[in-house]
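Along the sequence shown, residues carry numbers from 1. Small disclaimer: the values here were computed from a predicted structure and weren't measured.
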Amino acid sequence: MEQLLINLVAGALGGNAIGKAAPTFDLGTLGNTIAGLVGGGVLGQLVPLVLPAIQASMASGEFNIGSVIANVVSGGAGGAILTAIIGAIKNRSA
């Protein structure tokens with residue numbers, strides 16, 4: 001449960017970061033946060049399936065800095081990626 005929470009928070013932060021860093025992808029604070037939450041949650045759940053070493057670390061039940069960093073990176077990246085995709089689609093339709 002902690003991993004999911006870390007993914008969601010990192011995703012929200014990543015979504016807002018990309019929205020502010022690249023105004024063409026900005027969906028507004030609420031839009032960036034929602035897209036970041038979804039992206040962070042989804043990508044944060046997919047990365048452990050792709051990278052067995054991270055999955056093994058998380059499954060062991062041990063709280064270590066490696067798994068936290070992996071969750072932050074995957075959640076933040078997922079939030080930023082989804083926000084950028086949605087922002088690009090929104091701007092093309094406008």
Side-chain angles (χ1 to χ4, degrees):
M1 186 58 129
E2 298 87 22
Q3 290 88 8
L4 181 60
L5 183 59
I6 292 169
N7 289 336
L8 294 173
V9 170
L13 292 173
N16 280 296
I18 194 71
K20 299 306 174 203
T24 57
F25 300 132
D26 193 17
L27 301 171
T29 303
L30 183 59
N32 292 338
T33 302
I34 292 171
L37 284 169
V38 172
V42 170
L43 189 62
Q45 296 303 306
L46 292 178
V47 167
L49 299 174
V50 176
L51 302 172
I54 295 173
Q55 183 181 17
S57 174
M58 290 181 203
S60 70
E62 295 179 15
F63 182 78
N64 62 38
I65 193 69
S67 65
V68 171
I69 290 172
N71 284 317
V72 168
V73 169
S74 63
I81 290 167
L82 186 63
T83 302
I85 291 169
I86 293 172
I89 292 169
K90 177 187 157 223
N91 287 333
R92 284 188 185 216
S93 66

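With hydrophobic clusters built from ILVMFWY side chains whose heavy atoms lie under 4.5 angstrom apart, Ile89 does not share a cluster with Ile18. Note on Leu37: it does not cluster hydrophobically with Leu5, by side-chain heavy-atom contacts below 4.5 Å among ILVMFWY residues. Cluster membership check: Val42 shares its hydrophobic cluster with Leu82, using side-chain heavy-atom separations under 4.5 Å among Ile, Leu, Val, Met, Phe, Trp and Tyr. The hydrophobic clustering, which links ILVMFWY residues whose side-chain heavy atoms are closer than 4.5 Å, places Leu27 and Val38 together.
Residues Ala35 and Ile86 share a closest heavy-atom pair of CB-CD1, 3.9 Å.
Listed by first then second residue, pairs satisfying salt bridge (Lys or Arg N to Asp or Glu O under 4.0 Å) with a partner in residues 17-31 read Lys20-Asp26, not counting sequence neighbours.
Only one option out of Thr83, Thr33, Leu30 pairs with Asn16 in a side-chain contact (heavy atoms from CB on, under 4.5 Å); it is Thr33.
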